[in-house]
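If you're wondering where the values come from, they're calculated on a predicted model, not measured in any experiment. Every number for a ligand or one of its atoms is a count from 1 in the order of the listing. Sequential numbering from 1 along the given sequence is applied to the chain's residues.
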Amino acid sequence: MKIGSPVIVRPARNVRGTVTLPGDKSISHRYAMLAGIAEGPSRIENYSTGADCASTLGCMRSLGVSWEKKDGGVIEVQGSGLALTAPASALDCGNSGSTMRMLSGIVAGQKFTSDPKLADPKFVDPKFADPKFVEMIGDESLSRRPMARVITPLTAMGAQITSRDGKPPLRITGAALKAIDYAMPVASAQVKSCLLFAGLFADGETRIEEPLRTRDHGEVALRAFGAKLDRRSTGAGNEIRIRGGQRLRGIEARIPGDLSSAAFFLCAAALFPGSQLTVPSLLMNPTRARLLDILMQIGLRISVTQLDELHGELVGSLQVEGAGLKGATIAGADSAALIDEIPVLAAIAPYTEQGIEVRDAKELRIKESDRIAAVAANLRLMGAQVEELEDGLKIPGGQSLHGAELDSCGDHRIAMAFAVAALRAHGETLIHGAESAAISYPAFFQTLEEVIEH
Ligand code: S3P
C-alpha cells in the first residue's frame, strides 16, 4: 500500500493481527455535547480521533465550554450547565451531519440576548455577529444534506430556524421550548437525539416515537449523565419520554471501540479463508451489532469474550476467522440498523457466492455522498456487474474484480470500503480522495497495512 494522496492498495493474501479501535464516533459526539451541558467536570477516555468529533468539540468551545485534550485520547471537559454562551462566530460543523443535527437541539434551547449591553463582550462582538441567533455552517457535502428533519420539530417546540431551503446554513434563534409529542417520519438516531436533547430544555414532557429501532446511544448517554427517561417498545420502534429541566452531572467514562470502523477490518477478514483478527474492547450495543449477525451469516466465524458494560454501553472482545463467503439480503429494519456498514458490505458483495442485495436504504443517497451511486460507480470501474436501485443495490456474487482508479467522492466510508474491495482484486487500485478517511478514522490506512499480508 502506498499511503499518501491518492492511496494505492495492492492485493493481499491474508489478514492477521489485532486492531484496537478509537472510540465510537456516535458515542463521542453525544458525550462531548452532554459533558458540555452537564454540571461539573467529565473525563472521557478513548474519544474518537475522527475529524467529525473534533468538529463537535470545536462547536462546544465556541459555545463557551472549556475542554482539554490529554494523552491517550482523553478529553477533560468542564461542563457549563444547561446555559451556554453565545458564540462570536458561526458554529462550523465541517463534514459532520451528527454535529449539526444533534447540536441544533441544544442550541434551540439557548436564549441568547441581542442586547450588546447584556452580552458578554469576551464572546460577542456586535460588529461581527448578531448574538440573537446562532449560525451553523458546514462544508460543501454537509451543505447539501437535508435538515428539515430537525427544523420541523424544533420549530414546533418554539425555536425559530431559517435555512437555505431546508439545507445548511441554519440560523437558530433559541427560545423557552415547549415539549412536543412527535412521531418521527424518518428513522434517524441523529434526529431522535436532537429532540431528546431539546427536550431537556423544554417545559413539560417530550414524547418521541421512532418508526424503526435506531441506535440508542442518545438514550444511554443521557442516563449515564444522570437524566431520567422512559422508553417503551412500540413493536418496530420505540417511544421515548423525557422531562424538561433535568440537570446533568459530569461523568468519568471510557468509550468502546468504534463498531462501524471495525466493519472495514471485519469485512477484510471475511475476504480470506484462514484470516484471523482480534478486536479488543469493541462496542457491542445491540442496536449496532446487527453487523455481526450478517457477517456470521455471510460466513465469518466470530466469537465474543470479555463482555462488559461501560456506562450502559456493551463492550466485548472479538475473535474472527474467515471461512466461506455466502450471500445476504439486507432490507427493512436491517437497512436502518446497518446504514453505515452497507457501503463496505456492498463493496465485498461481488466476492461472495450468492451476492448481496440491499433494499429500503434510500437514506444512503443523502449521506456524505450518494453512497448508492458511489458504490455502484466504483464497483463498475473494478469490472463488476451491479444493478443500481432507487433504494439499494443488487450485486451478483461469484465475480472477480480488477484494480482500478477510483474516487472516494470525498466520503470517508467510500474510501475505506474500496480499500477493502481492492484487497481481493487483480492488480493495484488507486483511490483518489482517500484522505477523507480521517473524517471518522485518521489511522485507517496505516492500521490496514499492519494487518494485511501480501
Ligand atoms: C448516526 C446516525 C446515522 C448514521 C450516522 C451516525 C448517529 O445517521 O448514519 O453516521 O450517531 O446517530 P441518521 O440518524 O441520519 O440515520
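Residues satisfying the salt bridge (charged side-chain N to carboxylate O under 4.0 Å, His left out) criterion with Arg215, sequence neighbours excluded, are Asp340. Scanning for side chain to side chain donor-acceptor pair (under 3.5 Å) contacts around Ser96 gives Thr99, with sequence neighbours left out. Residues meeting the side chain to side chain donor-acceptor pair (under 3.5 Å) test with Asp391, sequence neighbours left out: Arg359.
If you look at Phe444 and Phe265, their ring centroids are closer than 6.0 Å.
At distances below 3.5 Å, at least one donor-acceptor pair connects side-chain atoms of Arg213 with backbone N or O atoms of Gly237.
Between Arg249 and Glu39, none of the side-chain N atoms (NZ, or NE/NH1/NH2) sits under 4.0 Å from a carboxylate O, so this pair counts as no salt bridge.
Each of Ser26, Arg30, Ser98, Arg101, Ser188, Ala189, Gln190, Arg215, Ile339, Asp340, Lys367 has a non-hydrogen atom positioned under 4.0 Å from some atom of ligand 1.
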